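In this text the structure is predicted, and so the values were computed from the model without any measurement.
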Number of protein chains: 2
Amino acid sequence: MAPNSATRTLGGRPSPAAEDYLKTIFALGSSGDAASVSTIATRLGVSRPSASVMLKRLADEGLVERVDRHRHLLTSKGRSDALRVVRRHRLIEAFLAATLDMPWDEVHAEAELLEHAVSDRLEARIDAALGHPTHDPHGDPIPPRQGDHDEAWHEPLDAAPPGATFRVERVSDRDSAALRHLAALGITVGSTLVVGEREPFGGPLWVRVGRRRRALGPGLSRLVHGAVQEGQR
Amino acid sequence: MAPNSATRTLGGRPSPAAEDYLKTIFALGSSGDAASVSTIATRLGVSRPSASVMLKRLADEGLVERVDRHRHLLTSKGRSDALRVVRRHRLIEAFLAATLDMPWDEVHAEAELLEHAVSDRLEARIDAALGHPTHDPHGDPIPPRQGDHDEAWHEPLDAAPPGATFRVERVSDRDSAALRHLAALGITVGSTLVVGEREPFGGPLWVRVGRRRRALGPGLSRLVHGAVQEGQR
DNA sequence: CAACAAAGTTAGTCAACTCTAACTCAGTTT
DNA sequence: AAACTGAGTTAGAGTTGACTAACTTTGTTG
Ligand SMILES: [Mn+2]
Ligand SMILES: [Mn+2]
Ligand SMILES: [Mn+2]
Ligand SMILES: [Mn+2]
């Protein structure tokens with residue numbers, strides 16, 4: 001038992017690696033995908049045997065439950081640990097965006113490392129300084145320090161009917177090049193789009209942003225989530 | 001060769017543990033103390049064998065030079081690596097103090113962890129946002145991104161003659177309880193004190209802060225560094 | 001000078017993570 | 001039914017950084 005100096009002071013937390021596994025299982029669960037060994041390994045960029053071994057360890061520690069060979073669920077302890085990391089991650093993103101004007105395509109990578117190094121005390125100060133924010137720069141909801149959390153996603157832009165007015169509520173932060181491109185098109189959280197034609201055979205979806213017409217490839221339009229505006233004519 | 005996920009993205013840097021060793025050797029060098037295996041081990045809170053082995057590793061990597069059995073010096077590569085960590089550490093302290101009003105007795109512990117997780121890009125943003133600060137909240141000089149750095153300490157309050165007017169320029173950040181106490185006495189970087197009597201046999205040094213008389217034990221007055229004011233009558 | 005204490009090193013372990021290679025096991029295909 | 005394929009696991013090994021126990025080396029002191 002010889003904790004690395006980087007983790008020494010951060011008490012009862014899972015290791016950085018374990019935190020990343022928990023976060024990944026949580027994310028897969030929220031998006032409805034099965035948390036199989038392979039999916040987790042791919043998401044984390046580790047080999048399948050590594051993921052297999054780590055998942056067994058997490059199961060032994062009571063953080064993960066192996067439902068069947070292809071499905072892993074978080075136990076309630078595991079879920080609460082995962083939520084703590086997710087909370088830190090999103091608060092950090094919000095903090096960097098707010099205090100340093102860091103663009104939304106950069107904050108994720110920074111938070112990916114900092115989430116393991118930010119103490120509870122610092123987390124609390126960030127939360128307070130930002131006025132207890134509820135969403136990060138990508139529209140991801142920030143889990144409360146304790147209590148319930150709803151990770152439900154909105155509808156993908158993908159699925160919005162032609163002619164609809166669509167308000168962007170959330171954009172996946174996984175692909176930073178995509179985020180950069182969306183920003184260049186004028187699309188961020190809070191943007192309102194008018195949905196146009198979808199060209200066939202994998203062609204683009206046309207949308208109007210302000211008075212510009214923009215073409216979004218299917219890979220892009222799947223990343224943008226939001227709601228069709230009702231009362232708006 | 002299997003980098004931990006927490007370090008994966010931070011390229012050519014020494015490991016967090018190695019960075020802490022380099023920083024410690026640098027600090028010992030600046031304060032004139034010999035960087036022996038034991039001193040380093042004590043400072044880092046590791047066993048002597050651990051330090052012995054790590055120092056050999058750092059020497060093999062060309063970061064540390066073993067002058068004699070009791071004296072370790074940084075090579076120029078080692079010094080430049082150390083300066084990069086020290087720069088990150090102090091910028092982070094300044095950043096936390098500036099953006100979160102974090103008190104000077106808390107910033108050090110946070111920076112101790114964050115210094116290993118902050119990317120070059122984030123470091124640059126922090127530096128720019130603060131207007132390229134030259135000193136951290138304890139008055140420690142922030143090494144430039146490249147080029148020379150002068151770590152010279154001022155005179156300890158300890159050594160100031162009775163009757164002198166003393167301007168506080170720098171306070172050691174090692175003991176956070178001491179920092180808290182000094183702040184409670186109204187003593188921070190920039191404070192001006194009038195030095196009074198030093199009581200014998202390890203008794204306190206009396207100083208005037210504004211219109212209050214304060215007693216500083218020898219342990220405290222050794223932490224406070226600054227300069228006797230000349231032109232001031 | 002001999003004895004002792006302090007400092008440094010070596011050897012042997014351990015724990016956490018990762019890897020590759022080689023296997024098992026299921027679920028398709030043909 | 002046999003063969004292939006994909007997913008999961010086991011085995012063996014490497015890296016980093018820590019530990020304790022047991023030296024050796026050096027320097028101080030009676
Ligand atoms: Mn992470
Ligand atoms: Mn996010
Ligand atoms: Mn550190
Ligand atoms: Mn400092």
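- Between Arg145(A) and Asp120(A) there is no salt bridge, since no side-chain nitrogen of the basic residue lies less than 4.0 Å from a carboxylate oxygen of the acidic one.
- Atom pair Arg13(A):CZ and dA16(C):C1' shows a separation of 18 Å (rounding to whole Å applied).
- The distance between atom CZ of Arg69(A) and atom C1' of dG6(D), rounded to the nearest whole Å, is 14 Å.
- In this model, the phosphate group of dT9(D) is not approached by any side-chain N or O of Arg48(A) to a distance below 4.0 Å at OP1 or OP2.
- The pair Lys77(B)-Asp81(B) counts as a salt bridge, with a side-chain nitrogen and a carboxylate oxygen less than 4.0 angstrom apart.
- In this structure, the nucleotide among dT20(D), dT9(D), dT9(C) sitting nearest to the side chain of Val37(B) is dT9(C).
- OP1 and OP2 of dC17(C) both lie 4.0 Å or more from every side-chain N or O belonging to Ser50(A).
- When the P atom of dA15(C) is taken as reference, atom CG of Asp60(A) falls 14 Å away, rounded to whole Å.
- Taking atom CD of residue Glu61(B) and atom P of nucleotide dT16(D), one finds them 8 Å apart after rounding to whole Å.
- Set against dC19(C), dG8(C), dG17(D), the side chain of Met54(B) has dG17(D) as its closest nucleotide.
- Residue Lys56(B) places none of its side-chain N or O atoms closer than 4.0 Å to OP1 or OP2 of dG8(C).
- Rounding to whole angstrom units, CZ of residue Arg66(B) and C1' of dT9(C) are separated by 9 Å.
- Rounded to a whole Å, the CG atom of Asp20(A) is 17 Å from the P atom of dA16(C).
- Ionic pairing of Glu19(A) and Arg88(A) is present here: one or more N-O contacts between side-chain nitrogen and carboxylate oxygen are shorter than 4.0 angstrom.
- Dashed line: the shortest gap from a side-chain N or O of Ser38(A) to OP1 or OP2 of dG6(D) is not under 4.0 Å.
- Rounded to whole Å, atom P of dC17(C) lies 15 Å from atom CD1 of Ile40(A).
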Worksheet entry | Derivation of the side-chain hydrogen bond (donor to acceptor under 3.5 Å, both in side chains) call for His116(A) and Asp20(A) | CA-CA 9 Å; His116(A) 312 293; Asp20(A) 283 340; 3.1 Å; yes
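- Among dG8(D), dA21(C), dG8(C), the nucleotide with an atom closest to any side-chain atom of Pro49(A) is dA21(C).
- Between Arg71(B) and the phosphate of dG8(C), there is no side-chain N or O to OP1/OP2 separation shorter than 4.0 Å.
- OP1 or OP2 of dG8(D) lies within a sub-4.0 Å distance of a side-chain N or O belonging to His70(A).
- Atom CD in Glu19(A) sits roughly 15 Å away from atom P in dA16(C) (whole-Å rounding).
- In this structure, Tyr21(B) does not reach the dT16(D) phosphate: none of its side-chain N or O atoms is under 4.0 Å from OP1 or OP2.
- A salt bridge is absent between Glu151(A) and Arg79(A): the closest approach of a Lys/Arg side-chain nitrogen to an acidic carboxylate oxygen does not fall below 4.0 angstrom.
- Among the nucleotides dT9(D), dT18(C), dT9(C), the one closest to the side chain of Ser52(B) is dT9(C).
- Contact annotation: Arg57(A) reaches the phosphate of dC17(C) (side-chain N/O to OP1 or OP2, under 4.0 Å).
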